[in-house]
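To start, the structure under review is shown below, and the notes come after it.
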Amino acid sequence: MRISIKFFASLREQLKMEDMDISVESVTTVHDLWQHVVKKEIPDNIMVAINQEYASMQSLVQDGDEIAFFPPVTGG
Amino acid sequence: MRISIKFFASLREQLKMEDMDISVESVTTVHDLWQHVVKKEIPDNIMVAINQEYASMQSLVQDGDEIAFFPPVTGG
Amino acid sequence: MLVKVTAQAIEPWNILAHYEQQHIQSEHTGAAAVFVGVMRKHNEGDEVKSMYLEHYPAMTEKFLQKLAQKTMQQWDINDVLIVHRVGQLFPDDPIVVVAIWSAHRAEAFTVCRELMEQLKTQAPFWKKEQLHNGEYRWIEKNTHGYIVNT
Amino acid sequence: MLVKVTAQAIEPWNILAHYEQQHIQSEHTGAAAVFVGVMRKHNEGDEVKSMYLEHYPAMTEKFLQKLAQKTMQQWDINDVLIVHRVGQLFPDDPIVVVAIWSAHRAEAFTVCRELMEQLKTQAPFWKKEQLHNGEYRWIEKNTHGYIVNT
């Protein structure tokens with residue numbers, strides 16, 4: 001399946017990873033996807049959204065999804 | 001001693017009393033003053049100020065004081 | 001600090017824009033919390049034509065001045081503004097503007113609300129409504145300051 | 001209801017004046033509570049030269065829209081306004097304006113503060129500061145929303 005992945009703010013800089021579109025087969029959850037792509041443990045405070053809606057690390061990933069990882073938000 | 005008395009809002013209308021300057025001798029507290037002037041029991045929720053500062057019914061009245069009686073406030 | 005009791009119409013957003021431009025130092029101000037009270041056209045089920053806001057000229061502004069000073073001393077805030085209308089008002093007329101400026105939002109929110117509660121329960125103002133049917137009535141008490149489960 | 005994410009400078013009091021004139025019905029609105037967040041020149045002991053506010057274009061405004069709608073459904077209020085800045089900011093620039101209009105003050109105060117807490121903890125924005133010495137740093141967490149005794 002095709003997945004689009006985005007990283008924001010300090011997380012993008014720390015990982016030195018650009019947004020990417022990838023093909024994956026064995027991935028089922030957001031957590032799997034992170035492991036597959038980043039190849040490190042996921043920090044506790046990282047937030048995730050699937051198709052611009054908040055999700056959890058256990059949420060299932062589906063073909064065509066946009067998955068965004070980001071650090072705690074600091075707006076306002 | 002000379003005392004200036006003011007009534008505000010619904011209290012002024014209910015009592016049908018105008019602001020007044022009076023001479024009194026035997027009066028010592030705000031409560032005495034009310035009894036002397038109004039000649040009825042003082043309603044529970046009436047507020048009082050002496051020289052534009054909040055006071056209580058037991059506060060002492062002195063020569064030259066301005067005593068104001070008023071109902072609960074409703075500004076804002 | 002600005003404290004004002006006025007019989008003239010007030011324009012809250014204009015007042016705030018001007019005051020901020022002239023008096024608020026950006027160095028340490030990160031938050032402003034504002035409350036504006038407005039005359040409603042309906043109250044307690046009746047249509048209201050106008051309202052007269054009575055006050056105690058010798059005491060009211062002095063009371064608000066002391067309230068503002070006390071608030072500045074008691075809390076970690078940068079500035080306070082209180083402007084309150086008196087006299088004849090019509091529906092939609094702003095009655096009061098209270099603003100607090102502080103470094104962080106917690107103080108601005110807490111102090112703005114606290115100051116309004118003190119103003120509502122202690123500042124010598126009294127509202128008399130003229131209803132659409134011509135009757136007059138004094139407002140006898142304030143609405144709740146905090147949300148009550150009913 | 002107005003929800004907007006913009007890279008252009010915002011003027012909170014102007015926005016409020018215009019929005020109120022065009023959209024707020026006086027019939028049942030007796031209270032407005034407003035919060036404005038402003039960029040400070042000092043943060044954590046350092047002088048800040050500028051700030052970059054990153055967001056997630058596809059998600060941020062959509063998130064705020066849903067937050068505003070949920071707030072309207074959940075509380076007894078009349079209207080909600082949220083305007084949030086993104087991009088390059090300098091000290092003294094307003095970052096956010098949140099306003100709630102309601103019949104009575106309790107709802108306006110409570111909901112304005114609650115909405116700000118949700119925005120601060122959930123809306124996808126990230127602040128990166130450029131310090132006076134040329135260094136850059138990401139803001140890692142928010143200040144407290146409620147006053148903490150220390």
Side-chain angles (χ1 to χ4, degrees), chain B residues 1-24 27 29-31 33-34 36-38 40-76, chain C residues 5-6 10 12 35-40 43-44 51-67 70 82-87 89 94-98 112-129 136-145:
Chain B
M1 57 185 177
R2 299 287 300 172
I3 302 288
S4 169
I5 307 178
K6 289 175 168 291
F7 301 97
F8 288 92
S10 59
L11 183 66
R12 181 186 55 234
E13 294 187 359
Q14 282 156 23
L15 297 178
K16 296 188 178 62
M17 291 188 116
E18 295 291 313
D19 296 351
M20 59 180 89
D21 288 309
I22 60 166
S23 272
V24 284
V27 160
T29 67
V30 170
H31 187 263
L33 179 70
W34 171 282
H36 180 81
V37 172
V38 182
K40 294 187 210 177
E41 259 318 298
I42 192 162
D44 273 352
N45 60 2
I46 294 302
M47 302 169 92
V48 64
I50 301 180
N51 301 326
Q52 303 93 43
E53 299 271 356
Y54 277 109
S56 80
M57 297 306 158
Q58 282 65 54
S59 299
L60 297 179
V61 171
Q62 293 183 297
D63 186 39
D65 279 351
E66 175 174 298
I67 314 288
F69 293 103
F70 44 82
V73 301
T74 56
Chain C
V5 174
T6 174
I10 59 182
F35 178 81
V36 176
V38 175
M39 185 185 158
R40 283 178 305 133
N43 194 25
E44 294 175 19
M51 186 166 80
Y52 187 80
L53 243 166
E54 183 173 333
H55 74 306
Y56 179 179
M59 178 172 176
T60 305
E61 195 162 307
K62 211 162 95 177
F63 174 83
L64 293 178
Q65 281 281 358
K66 275 181 291 184
L67 179 57
K70 211 176 58 185
I82 307 173
V83 179
H84 203 295
R85 181 79 186 277
V86 291
L89 280 84
I95 299 168
V96 63
V97 190
V98 167
C112 186
R113 191 168 195 170
E114 178 68 20
L115 183 55
M116 264 310 293
E117 293 315 303
Q118 296 193 24
L119 186 156
K120 296 279 288 187
T121 54
Q122 295 171 46
F125 294 102
W126 302 273
K127 288 175 180 157
K128 187 181 196 175
E129 291 178 335
Y136 288 88
R137 69 178 177 203
W138 290 96
I139 301 292
E140 292 297 334
K141 58 181 176 188
N142 291 313
T143 52
H144 289 287

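Letters A, B, ... are given to chains in the order of the sequence lines, protein chains preceding strands, and every chain is numbered from 1.
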From NE2 (C:His55) to CZ (B:Phe70), nearest 0.5 Å: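 C:His55 atom NE2 to B:Phe70 atom CZ measures 12.5 Å (nearest 0.5 Å).
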
Whether [X] side chain and [Y] backbone form a donor-acceptor pair below 3.5 Å:
| X | Y | result |
| --- | --- | --- |
| C:Lys62 | B:Glu53 | no |
| C:Tyr56 | B:Lys6 | no |
| C:Lys120 | B:Thr74 | no |

Contacts of C:Arg85 that satisfy salt bridge (charged side-chain N to carboxylate O under 4.0 Å, His left out) - sequence neighbours left out: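 If we apply the salt bridge (charged side-chain N to carboxylate O under 4.0 Å, His left out) test to C:Arg85, skipping adjacent residues, the hits are C:Asp93.
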
With a 4.5 angstrom heavy-atom cut-off, is it the side chain or the backbone of [X] that approaches chain B, or both, or neither?
| X | result |
| --- | --- |
| C:Phe63 | side chain |
| C:Ile95 | side chain |
| C:Ala123 | backbone |

Nearest heavy-atom neighbours spanning C:Lys127 and B:Gly76: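 Looks like NZ-O, 2.8 Å.
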
Student check: side-chain heavy atoms of B:Pro71 and C:Trp126 closer than 4.5 Å: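 Yes, side chains in contact.
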
Side chain proximity check, C:Pro124 to B:Gln52, heavy atoms < 4.5 angstrom: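 No, their side chains stay 4.5 Å or more apart.
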
Side chain, backbone, both or neither of B:Ala49 within contact of chain C (heavy atoms, under 4.5 Å):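 Just the side chain, heavy atoms under 4.5 Å.
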
Which atoms of B:Asn45 approach chain C - backbone, side chain, both or neither, heavy atom under 4.5 Å: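 Neither part, no heavy atoms under 4.5 Å.
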
Closest-packed option against chain B by number of heavy-atom pairs under 4.5 Å, given C:Met116, C:Arg137, C:Gln122: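 If we count pairs closer than 4.5 Å to chain B, C:Gln122 comes out on top.
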
Residues of residues 12-22 of chain B contacting chain C, heavy-atom criterion under 4.5 Å, by residue number: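 Counting heavy atoms that sit under 4.5 Å from chain C, the residues of residues 12-22 of chain B involved are B:Arg12, B:Glu13.
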
Other residues, nucleotides, ligands: >12 heavy atoms within 6.0 Å of C:Lys66 NZ: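 Above 12, so yes.
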
Crowding at OH, B:Tyr54 (>12 non-hydrogen neighbours, <6.0 Å):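 Yes, because the 6.0 Å sphere around OH of B:Tyr54 holds more than 12 heavy atoms from other groups.
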
